[in-house]
2 protein chains.
Amino acid sequence: MSRTKDKNPIPSVWTREQRRTDQPALSRDAIVREAIAMLDAEGIEALSMRKLGARLNAGATSLYRHVATKDELMELAVDEVAAEIHVPRAGGPDWRAAVTEAAGSFRTTALRHPWLTLVLGQAGLAYLGPNYMNFSERLAALFTAAGFPEPSRAIDAVFSYVIGMSTTEAAWLTTVARSGESESEFVARLLPAAQRASAGYDHLAAAGPETSAQASDPAKLRDDKFAYGLEVVLDGLALRLPK
Amino acid sequence: MSRTKDKNPIPSVWTREQRRTDQPALSRDAIVREAIAMLDAEGIEALSMRKLGARLNAGATSLYRHVATKDELMELAVDEVAAEIHVPRAGGPDWRAAVTEAAGSFRTTALRHPWLTLVLGQAGLAYLGPNYMNFSERLAALFTAAGFPEPSRAIDAVFSYVIGMSTTEAAWLTTVARSGESESEFVARLLPAAQRASAGYDHLAAAGPETSAQASDPAKLRDDKFAYGLEVVLDGLALRLPK
DNA sequence: CCGCCATGCGTACAGTGTGCGCATCGAAGG
DNA sequence: CCTTCGATGCGCACACTGTACGCATGGCGG
């Protein structure tokens, strides 16, 4: 498991373990990849430099040869997963379909890596990696080709919505995952508490979609909710397209 | 400063310091209030139980008599600032103005407490305090009175946008604050780097609003951007109002 | 063959959240 | 008035964090 961790009683050149060069060498890319794997599997608060080092058969401080700081590592991880977001090429016949595709791709990426939105909220988009730049560029191309006179405002409108919804969903899914139950089970178990909590709040009780019937497929419900809001935003934007 | 911290060479009943009852006693409310003050002043990562205790002339672990865990303290802090969000009473003649008011109030609250969105992203809205419940109830009343057949979907659409934009803005303002400069200075200093970064990205360079002229009043630019996106969403929602 | 330099790592430091048990208080009951 | 008790504060300790520092090691260019 470890290279020199098993304390050798007689330190000597001859008994010393050989450096294992068959293992994939430590490299920035390998570190980032493994970090993402840990983040996806165990959540953002479970990632520590020591555990990450252990996973790579390395000491914690060895990582600092390839990465300046943990924050920098997180930025690299964010940019890495940003490559997974698919934005259709600009100039297609149906800009709404293209934007819907891009928005959906952002959402599924954010839900696949529920720590993404947390880091975005902390770091902002201050330092921009190449993949994120590409993502932005393709979006700008898409909205420009669609004919928006102020593409950046349109982009901000759509993706503020997308980020907001994805953040909320990711937080919810994280809570569900921590419960160890499936989403349906979790919802079913929380239903009585939720109804008790909204007793006395007339409009909340009436407006909430918390009926046991709909709790049977919560994922679809989330999909629909996201699609609905996205249509709302796109409708509003369509009104601003010069005709 | 401290009660018993100055080590007394001769421990005795007579030399022991008296408990100071003139100081406001430790209480859950006092703890939450002081925590919010620290969070606002020094940011989320500067808040530790030890520092918070010191501010209240108390030891770190004393706080645990009134608060189960740091996470619980953060939930209490969130619910406390939720009371600052103003949602107009339902039934007014102009639902758009009312929603705009509520959305703007959420935004200013989130920017006044830039840690709010971070905690929301982490905890989700799983455990709901009374102030947050009130906020939701008033929103439900507002949208129901406006005539939306599915008020919760409309609320989600609007506030996903609001949360997304506020999160991004809060992260930006935090970055600016850490620089020690004013927002205008910060923008001016970053301008050349930003332009260099977007060289080679045609549409980005063309779409970006990063002209030095507009950098003179970045706060107003943000206000306008928020208002623009909100109008987009409200326009989209208006199409769904039964006539 | 020598020397250099990038890489790995052991140690250490300052800090974190929080469990545990003791000291101390104000109030209640005899 | 004295005793007892429950609530409150706190010192200590533990396991854990990010990361600065300096040493050991190996492969590589001269």
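Chain identifiers are assigned alphabetically (A, B, ...) following the order of the sequence lines, protein sequences preceding nucleic acid strands; residue numbering begins at 1 within each chain. Just so it is clear, the structure is predicted and the values come from calculations on it, not from any experiment.
Partners of A:His66 under the side-chain hydrogen bond (donor to acceptor under 3.5 Å, both in side chains) rule, at least two apart in sequence or in another chain, do not exist in this structure. Residues passing the side-chain hydrogen bond (donor to acceptor under 3.5 Å, both in side chains) test with B:Glu137: none are found, sequence neighbours excluded. In this structure, the side-chain hydrogen bond (donor to acceptor under 3.5 Å, both in side chains) partners of B:Arg222, at least two apart in sequence or on a different chain, are B:Glu169, B:Glu183.
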Which donor-acceptor pairs under 3.5 Å do side chains of residues 157-165 of chain A form with protein atoms, sequence neighbours excluded?
unit_1, atom_1, unit_2, atom_2, d
A:Ser160, OG, A:Asp156, O, 2.8
A:Tyr161, OH, A:Phe226, O, 2.8
A:Tyr161, OH, A:Leu230, N, 3.4

**Request:** Treat primed atoms plus P, OP1 and OP2 as sugar-phosphate and everything else as base, then score nucleotides 14-22 of chain C 5' to 3': B for base contact with protein heavy atoms under 4.0 Å, S for sugar-phosphate contact only, - for none.
**Result:** --BBBB-B-

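A:Ser48 contributes a side-chain N or O that, together with a main-chain N or O of A:Lys51, makes up a donor-acceptor pair within less than 3.5 Å. A:Glu185 places a side-chain N or O within 3.5 Å of a backbone atom of A:Ser182 that can act as its donor or acceptor partner. A donor-acceptor contact shorter than 3.5 Å links the side chain of B:Ser105 to the backbone of B:His86.
Note: CG (B:Leu63) to C1' (D:dC10) measures 11 Å, nearest angstrom. The interatomic distance linking B:Leu26 (CG) with C:dC25 (C1') rounds to 15 Å, in whole Å. One atom, CD of A:Glu45, and another, P of D:dC16, lie 15 Å apart when rounded to the nearest Å. Rounded to an integer number of Å, the gap from CG of B:Leu56 to P of D:dC10 is 10 Å. The interatomic distance linking A:Ile31 (CD1) with D:dG18 (C1') rounds to 15 Å, in whole Å.
Proximity of A:His66 to the phosphate of C:dG8: a side-chain N or O atom is located under 4.0 Å from OP1 or OP2. Put simply, B:Ser62 has no side-chain N or O that comes within less than 4.0 Å of OP1 or OP2 on D:dT8.
Near-neighbour residues of DNA chain D inside residues 32-40 of chain A, defined by a heavy atom below 4.0 Å, are absent.
Checked for salt-bridge contact, B:Glu80 and B:Arg28 miss the test: no charged N lies under 4.0 Å from a carboxylate O.
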